[in-house]
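Before I ask anything, here is the structure I am working with.
The analysis underlying the following values was restricted to heavy atoms, covering all of them including side chains, and did not include hydrogens, waters or symmetry mates. We name chains A, B, ... by the order of the sequence lines, and we start the count at 1 in each one. Source: prediction; values computed, not measured.
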Number of protein chains: 2
Amino acid sequence: MNKKYTRGSFKLMKSMNRSIILNMIREQGPLSRADIAKYTRLTPPTVSNIVKELIEAEFVIETTQGASKGGRKPTLLEINADHFYIIGIDVGRYKMNLVVTNLFGQLKDSAELEIKENPTSEEIINTLQQGIHQTIECGNLPPDKFIGIGIGMHGIVDTTNGISLFAPSFGLHNIPIKEKLEKEFNMIVKVENDARTMTLGESWFGNGNEADNLVGVNVGHGIGAGVMINGRLFHGENSLAGEIGHVTIDLSGPKCTCGNYGCLQALAGGPAIAERAAKELKLGKSSLIRELVDDQLERVDGAIVYEAAKQGDVFSIELLHQTGRYLGVGLTNLIHTLNPKKIIIGGGVSKAGQFLMKGIEETIMSRGLTDQGRETLIVPSKLGEQASAIGACVLILEEFFSQK
Amino acid sequence: MNKKYTRGSFKLMKSMNRSIILNMIREQGPLSRADIAKYTRLTPPTVSNIVKELIEAEFVIETTQGASKGGRKPTLLEINADHFYIIGIDVGRYKMNLVVTNLFGQLKDSAELEIKENPTSEEIINTLQQGIHQTIECGNLPPDKFIGIGIGMHGIVDTTNGISLFAPSFGLHNIPIKEKLEKEFNMIVKVENDARTMTLGESWFGNGNEADNLVGVNVGHGIGAGVMINGRLFHGENSLAGEIGHVTIDLSGPKCTCGNYGCLQALAGGPAIAERAAKELKLGKSSLIRELVDDQLERVDGAIVYEAAKQGDVFSIELLHQTGRYLGVGLTNLIHTLNPKKIIIGGGVSKAGQFLMKGIEETIMSRGLTDQGRETLIVPSKLGEQASAIGACVLILEEFFSQK
DNA sequence: CATAATAGTTAATTAAATAAATTTATAAAG
DNA sequence: CTTTATAAATTTATTTAATTAACTATTATG
């Protein structure tokens, strides 16, 4: 009774074809009408009609003439990429990362927004609103071309209503982001978890290209993943899909912040790395880290271990190698549960990707069940620090390119 | 370039609506044309036209007149369930379980087929063919009403081509089941992994009802799962999705048949239970099991532990309780990765469900990350031993009820 | 028995794809 | 140069199948 049926109708037929054509131009353009007809198996008049509408709506433009293949030259079509701009914001623990992209995900502007210490919900909303106002009105880009705002937010998000249900690093509940921003700016606003926006960003404009089944793993303070199935983000029943930081890999492992023992995060998250480093250093091991923190071991964190490793510190390199092995176990579990085509490693810790990758690959090779499993592609993030903010833009692009 | 676009067309529109109506009658029937129009928001003439076709094709029949609600009595429509029969076969380690169902998944006939020891591919095919011939021609049911054959096969299956790529308990590779059976019987044949057919069976006719995101866990000799996402089986990139038997939950756990340490299967599979029982009994623990196997500890297997537990043996009950806790860790990992609405426990070991459930629930309660996660429904299989064979029938039903 | 309400059908209309024919533009052949 | 073949795109006519509106059939209710 509760199931939603999408019935066939003229409207649906039209909107499917419009969406197919628009996306085909986006992904494979520039293309001629004839090309589109050939690839989609739609007839030329159908393509021409829809293209006419898309041009009128200024979503698509005719560009150059292509080379003739023995007859009339084709008129090539392209997305009118710079006719529309999107704001994407990644709300992190200490700051917000704001970017502006066009329809091709190309970076047009960016800014960093400071978050006050122990912010209230209102302060978070205010920071967002001020940052957005400044970006739109600074004059770099025509204000009327902004069409939507996407937010990548750490913690638990109610995507339907655009509410941050729980933001652990602020200790805040129920921030009504979508409602407030839509009222203020009168454009589409979408809110999503940041591991998911990161994955979305990589999927559209990063290293995820073409993989329909894809997992993006955000390794930072915590470990979270965005799961894409059949080319769309998958949330699961209660938005818990991809909470792989709290997958148990070692029943007798160290205690996690969640109260359990042996969670992946408790072995491979940023704080876990720092803790293991400090512990071993206390036992007297020698390492460059000592110099970097002036022997104040409480100052050790993930970034410092990475810095030391970069400078060739054997102790740190081995530490990250071991972390990679732990991560590898988590990823192997992922492969044996979801079996994605590709896994993308992003987030803060992934800066140390070079040092982690070896351990990850080793473990997957040894623990993978079949050859195919072992061949799962593990790749680093391409968009790096901006993956999540760019992915937030994709929240709007998805909407733009889906139906209308 | 490689993406397949489904373009909107009149054919698609029609087939969508036909499928919606057919499925609505199946799931919610008996229904009147007017009911269907109301629920689907299709107009009465559209519904009438399609229903006319469905009646002509003998997929649907008009049954009784419903009660008037203040006007003309509705003519109720039902699936012509017994006009079509489907054969489903679950190919296990020692025998095949064959069932015949109608379009409602109601059992019409069943049989057990013996598998020779160390069978060849040809012998497997022969056994299948003989069993099917016998079933069709025995006279219980009109032979011309059989429309398809579904096979649930343990091991790794190439579903596209209907080939059993690897059947570990036979040691066989590349059994071309679909090809051989289609040639012999000239009807649709579909082959799928048995954990997946089990899940499919529960989803349509068992305890999975209405959950779009569902995992069925087959706990037996090994542990495998069928993953349903958005109401459809999910295979992953290389059919490894759901191979949760080889998810690592204890880095320092016992060795698994796959060569790694601490796989779920090595802690909670049938042989693992038997091994733990034998080991502790060797240390001198007292248990009813001793009597059941005449003190020949090498005869202990999962079934015997279950038998003892049923008879109130404290040792066995505790053993299964512990097994449940291990399973619970595996399922919690599943929840934190896929977050299904429901998890169905089936397979051989699930006969001992009552003894496992407590441990499973305990663990999920203690290890679940959020309230919602902890509330994931864990339910036992409803179809029991026949789940996989009935699910094999669903492979054909899916096809029947999808488009045409 | 009249009336209102529900079920279902028939006829007319409409949206949008498809098919066929035509126009436009270009390269290559003679 | 002109002709011819061919590709690109548009125009016109046709077809599919949903929708709208009008109508018939049936039944409960007052």
Side-chain angles (χ1 to χ4, degrees), chain A residues 5-22 24-25 29-56 60-78 403-404, chain B residues 5-22 24-25 28-57 60-78 403-404:
Chain A
Y5 297 92
T6 317
R7 68 182 197 279
S9 65
F10 293 102
K11 241 184 171 171
L12 177 75
M13 187 158 73
K14 181 78 175 278
S15 103
M16 281 178 75
N17 289 335
R18 185 163 37 214
S19 163
I20 288 172
I21 291 175
L22 193 56
M24 184 166 272
I25 297 174
L31 285 176
S32 68
R33 293 166 176 79
D35 290 333
I36 295 171
K38 200 171 73 188
Y39 298 147
T40 59
R41 314 191 61 204
L42 288 162
T43 58
T46 300
V47 174
S48 278
N49 280 330
I50 291 175
V51 166
K52 203 172 124 196
E53 285 180 27
L54 293 175
I55 289 175
E56 272 163 16
V60 164
I61 43 172
E62 293 188 334
T63 53
T64 48
Q65 301 247 295
S68 162
K69 288 180 231 158
R72 174 174 171 180
K73 281 185 192 162
T75 311
L76 296 182
L77 302 164
E78 260 183 34
Q403 43 202 75
K404 295 255 175 188
Chain B
Y5 296 93
T6 316
R7 68 182 196 278
S9 66
F10 292 100
K11 241 184 170 173
L12 177 75
M13 185 160 75
K14 182 77 176 280
S15 104
M16 281 178 75
N17 289 334
R18 187 165 35 215
S19 163
I20 288 172
I21 291 175
L22 193 57
M24 184 165 273
I25 297 174
Q28 289 154 241
L31 285 176
S32 69
R33 292 167 177 80
D35 290 333
I36 296 171
K38 200 170 73 186
Y39 298 146
T40 58
R41 313 191 63 205
L42 288 162
T43 58
T46 300
V47 174
S48 278
N49 280 330
I50 291 176
V51 165
K52 204 171 120 196
E53 286 180 26
L54 292 175
I55 289 175
E56 272 163 16
V60 164
I61 44 173
E62 294 188 334
T63 53
T64 47
Q65 301 248 295
S68 161
K69 285 181 235 156
R72 176 175 168 176
K73 281 184 191 162
T75 311
L76 296 184
L77 301 165
E78 260 183 32
Q403 41 203 76
K404 297 252 174 191

Practice task
Could you tell me which residues satisfy side chain to side chain donor-acceptor pair (under 3.5 Å) with A/Ser32, sequence neighbours excluded, listed by chain and number?
Solution key: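 Testing A/Ser32 for side chain to side chain donor-acceptor pair (under 3.5 Å), a comparison that skips the adjacent residues, returns A/Asp35.
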Fill in the blank from the handout: 5' to 3', nucleotides 16-26 of chain C under a 4.0 Å protein heavy-atom cut-off (B base, S sugar-phosphate only, - none) gives BBBBB---BBB
Exercise for the section: Could you tell me the separation between the NZ atom of B/Lys52 and the P atom of C/dT9, rounded to a whole number of Å? Expected result: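 The answer, rounded to whole Å, is 9 Å.
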Problem - With A/Asn17 via side chain to side chain contact (heavy atoms under 4.5 Å, CB included) - residues at least two apart - result: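 For A/Asn17, the residues satisfying side chain to side chain contact (heavy atoms under 4.5 Å, CB included) (neighbours in sequence not counted) are A/Met13, A/Ile20, A/Leu42, A/Ile50, B/Arg7.
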Problem - Atom pair CD1/CD1 of B/Ile36 and B/Ile25 - distance to nearest 0.5 Å - result: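 If we round to the nearest 0.5 Å, B/Ile36:CD1 and B/Ile25:CD1 are 4.0 Å apart.
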Exercise for the section: Quick one: list whatever passes side chain to side chain donor-acceptor pair (under 3.5 Å) with B/Glu53, sequence neighbours left out. Expected result: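 Here the qualifying residues are B/Lys14, B/Arg18.
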Handout entry: Distance, rounded to the nearest Å, where B/Ile55 contributes CD1 and C/dG8 contributes C1'
Key =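 Computing the B/Ile55:CD1 to C/dG8:C1' distance gives 12 Å.
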Exercise for the section: For A/Pro44, answer base if it contacts any base atom (sugar-phosphate contacts may also be present), sugar-phosphate if it contacts only those atoms, and nothing otherwise; contact means non-hydrogen atoms under 4.0 Å. Expected result: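 Base contact.
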Handout entry: Length of the CG-C1' vector between B/Leu31 and C/dA7, whole Å
Key =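 Value for this atom pair: 14 Å.
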Problem - A/Met16 CE - C/dA15 C1' separation (whole Å) - result: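 It works out to 16 Å between those atoms.
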Problem - Any residue meeting side chain to side chain contact (heavy atoms under 4.5 Å, CB included) with B/Thr43, in chain and number order, not counting sequence neighbours - result: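 B/Pro45, B/Thr46.
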Exercise for the section: Report the distance from atom CG of B/Leu12 to atom P of D/dT15, rounded to the nearest whole Å. Expected result: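 After rounding, the reported distance stands at 22 Å.
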Practice task
Not counting sequence neighbours, which residues clear side chain to side chain contact (heavy atoms under 4.5 Å, CB included) with B/Lys73? List them please.
Solution key: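 If we apply the side chain to side chain contact (heavy atoms under 4.5 Å, CB included) test to B/Lys73, skipping adjacent residues, the hits are B/Gln65, B/Ser68.
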